Amino acid sequence: MTDENTVREESDGPLDFFETMTEKLGSRRKFMGDAAKVGAGAVALSAVGAGTASAFHESSDVDILNYALTLEHLEATYYAEFLDEHSESDVEGSAVAQYFARPTLRYSLYQQIEDVADHEAQHVDALSQTISDLGGTPVEAAEYTFPYDSMEEFVALSDRIEAVGVSAYAGAAPYIENQDVLAAALSIHSVEANHSTFFNVLNLQRAAPNAFNPARNKDQVLGIVTPLIDS
Ligand SMILES: [Fe+2]
Ligand SMILES: [Fe+2]
């Protein structure tokens with residue numbers, strides 16, 4: 001595992017990846033030229049905080065939870081769409097699935113992606129319920145475009161989306177005031193890290209390359225995920 005494909009990029013790797021994906025999307029669809037289409041999803045993310053986009057200290061717990069929910073909607077939709085569009089035989093017959101050719105892992109890839117999809121749906125439900133319990137209004141899912149055409153591209157995009165999710169929770173959690181909400185957010189955060197490791201491995205990256213993962217503020221997260229949000 002020493003060739004360059006196995007060496008994870010620096011922490012700005014996901015940014016580079018999404019820039020590439022943005023170019024890919026831009027050539028396929030003129031989404032970047034239509035500010036209105038990009039608008040609503042970005043607005044939902046921007047709803048956190050009254051000041052600058054990264055000013056979590058000016059945000060309520062509900063604002064921060066809605067920020068998390070916006071990302072969870074994206075993740076949940078992403079995996080649900082993948083599972084809708086790919087049969088179990090598509091996935092298990094792909095080269096990516098050969099990683100699981102060991103007898104104890106064979107034919108488990110689709111099931112493991114189903115696990116991730118189920119987690120994301122549960123994260124959406126839990127955050128929505130908590131936001132409602134706190135008197136807030138949960139944001140709705142947006143429309144998204146996920147730029148992948150193969151299993152390899154799917155696992156690469158999944159790898160980046162999960163890494164962004166992990167860094168987003170790490171960036172927001174210190175600003176959560178309610179200790180119960182903080183505990184819930186941390187329990188989700190560690191699951192996102194599990195997802196990230198899973199897709200690191202499928203993406204032929206080192207499973208756990210860093211002793212300390214980056215925390216990203218909202219500006220940084222927005223910069224990465226906005227290209228995936230249509231409205
Ligand atoms: Fe999640
Ligand atoms: Fe996740």
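Both counts, for ligands and for their atoms, begin at 1 and track the order of listing. Just so we're clear, the structure is a prediction, and the values are computed from it rather than from any experiment.
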Q: Check L182 against A173 and note the closest heavy-atom contact, atom names and distance.
A: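 In this case the closest contact between L182 and A173 is CD1-O, 3.5 Å.
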Can a donor-acceptor pair be found between the side chains of [X] and [Y] at a distance below 3.5 Å?
| X | Y | result |
| --- | --- | --- |
| D63 | S60 | yes |
| Y67 | S59 | no |
| D125 | Q129 | no |

Out of the N/O/S atoms in [X], what is the name of the one closest to the Fe ion (ligand 2)?
| X | value |
| --- | --- |
| E120 | OE2 |
| E162 | OE1 |
| E192 | OE1 |
| H195 | ND1 |

Q. Backbone or side chain, does H119 get an N/O/S atom under 2.8 Å to the Fe ion (ligand 1)?
A.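 Not a single backbone or side-chain N, O or S atom of H119 is under 2.8 Å from the Fe ion (ligand 1).
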Q.
From the N, O or S atoms in E75, identify the one nearest to the Fe ion (ligand 1).
A.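 Going by distance to the Fe ion (ligand 1), the closest N, O or S atom in E75 is OE1.
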Q. So Y148 and F82, would you call those rings parallel, tilted or perpendicular, with 30° and 60° as cut-offs?
A.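 Aromatic pair Y148/F82 classed tilted.
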Q) Looking from the Fe ion (ligand 1), what is the angle between OE2 on E72 and ND1 on H123, to the nearest 10°? A)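 That angle is 90°.
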Q: State whether the number of non-hydrogen atoms from other residues, nucleotides or ligands found under 6.0 Å of E81 atom CD is greater than 12.
A: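 Atom CD in E81 is packed in, count exceeds 12.
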